[in-house]
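What follows is a single structure, written as structure tokens, with notes after it.
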Amino acid sequence: LKVDAIAKESGASAVGVGVNPGFVMDWVPAVVASASKNPTSIHVVRSVDTGRRRKQLQAKTGVGLTKTKFEKELVDGRVGHVGLVESASLIARSLGKELEGLREGVYPVLGSGDYVLGVRQFAEGRAGACSRPPTRGRGQ
């Protein structure tokens, strides 16, 4: 309300917007990478406890499914976050390179009784001399 009052007093408008975490994961590394001379690696991590988030996000990440149901939903394209490959490609393009050697994966994070608590997902590749060490498997 304070911002609105100050804007009205000044004859200006104020617009409040949220920040999409995916936008920050794309934009910040792309700007930093393009401002660097020759980065040798870029590593971006987003960690979200989906068990505490809205029901739609929990469904998208498979929270509450059995491991077997999660794997079926994954094959059917119903669980997992979309956009990681595009984010990696955008960062590569900010370096003036194409993304090569793309690897991606989605793994369930399991709780007791083989029920899914969330997902661990990655996308990685090389852009010229800039690369990330290979993922060390499911525990990553």
Side-chain angles (χ1 to χ4, degrees):
L1 293 174
K2 256 185 173 179
V3 171
D4 184 53
I6 293 169
K8 285 179 181 174
E9 284 178 18
S10 305
S13 298
V15 178
V17 296
V19 175
N20 180 314
F23 172 75
V24 174
M25 285 181 62
D26 294 349
W27 186 75
V28 171
V31 168
V32 171
S34 64
S36 301
K37 290 195 179 222
N38 291 308
T40 57
S41 68
I42 299 169
H43 185 124
V44 180
V45 175
R46 176 181 177 197
S47 180
V48 179
D49 180 355
T50 57
R52 298 174 182 252
R53 302 292 300 274
R54 66 189 188 284
K55 294 293 180 194
Q56 296 91 333
L57 182 59
Q58 290 180 16
K60 187 169 106 171
T61 57
V63 171
L65 298 177
T66 63
K67 181 180 177 188
T68 302
K69 180 71 172 166
F70 176 90
E71 289 168 352
K72 182 181 181 337
E73 297 282 312
L74 184 60
V75 168
D76 292 344
R78 294 192 186 121
V79 296
H81 180 74
V82 295
L84 291 183
V85 170
E86 292 79 5
S87 294
S89 296
L90 176 74
I91 295 168
R93 295 293 296 225
S94 74
L95 295 168
K97 310 286 183 187
E98 293 294 322
L99 186 63
E100 301 171 2
L102 176 66
R103 289 182 20 159
E104 59 181 316
V106 181
Y107 305 101
V109 175
L110 300 174
S112 63
D114 265 356
Y115 282 93
V116 176
L117 300 175
V119 295
R120 182 169 298 278
Q121 188 167 350
F122 73 92
E124 63 187 20
R126 290 180 310 284
C130 188
S131 64
R132 182 184 181 305
T135 301
R136 292 183 290 261
R138 291 181 164 226
Q140 267 297 293

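Values below: all heavy atoms of this structure, side chains included; hydrogens, waters and symmetry mates excluded. In this chain, residues are counted from 1 in sequence order.
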> Can you check side chain to side chain contact (heavy atoms under 4.5 Å, CB included) on Asp76 and Lys72, steps first, answer last?
Replying inline: CA-CA 6 Å; Asp76 292 344; Lys72 182 181 181 337; 2.8 Å; yes
>> Set out, in order, the CA-CA distance, both residues' side-chain angles and the distance that settles side chain to side chain contact (heavy atoms under 4.5 Å, CB included) for Leu95 and Ile42, then state yes or no.
In response: CA-CA 11 Å; Leu95 295 168; Ile42 299 169; 4.2 Å; yes
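Atom CZ in Arg126 sits 6.0 Å away from atom CD in Glu100 (nearest 0.5 Å). Note that OG1 of Thr66 and CD of Glu71 are 8.5 Å apart. Values are rounded to the nearest 0.5 Å. Taking OG1 from Thr50 and NZ from Lys55, the interatomic distance works out to 10.5 Å, rounded to the nearest 0.5 Å.
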Residues 85-94 side chain polar contacts: donor-acceptor under 3.5 Å, at least two apart:
unit_1	atom_1	unit_2	atom_2	d
Glu86	OE1	Gly83	N	3.4
Ser87	OG	Asp26	OD1	2.3
Ser87	OG	Gly83	O	3.0
Ser89	OG	Val85	O	3.0
Arg93	NH1	Glu98	OE2	2.6
Ser94	OG	Ala30	O	3.3
Ser94	OG	Ile91	O	2.6

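Residues satisfying the salt bridge (charged side-chain N to carboxylate O under 4.0 Å, His left out) criterion with Arg54, sequence neighbours excluded, are absent altogether. Among residues two or more places apart in sequence or in another chain, the salt bridge (charged side-chain N to carboxylate O under 4.0 Å, His left out) test is passed with Lys60 by none. For the salt bridge (charged side-chain N to carboxylate O under 4.0 Å, His left out) test, no residue two or more places apart in sequence or in another chain qualifies with Asp114.
Here Val79 is tied into one hydrophobic group with Leu65, Phe70, Leu74, Val106, Leu110, Val116, Val119, each link being a pair of ILVMFWY side chains closer than 4.5 Å. Residue Ile6 is found outside any hydrophobic cluster, as its side-chain heavy atoms come under 4.5 Å of no other Ile, Leu, Val, Met, Phe, Trp or Tyr. Here Tyr115 sits alone; no ILVMFWY side chain lies under 4.5 Å from its own, so it joins no hydrophobic cluster.
Screening residues 3-15 for salt bridge (Lys or Arg N to Asp or Glu O under 4.0 Å) gives Asp4-Lys8 as the qualifying pairs, with residues at least two apart or on separate chains.
Two different hydrophobic clusters hold Leu102 and Leu84 under the rule that ILVMFWY side chains link at heavy-atom gaps under 4.5 Å.
Contact record, Val44 with Pro29: CG2-CG, 3.5 Å, taken as the closest heavy-atom pair.
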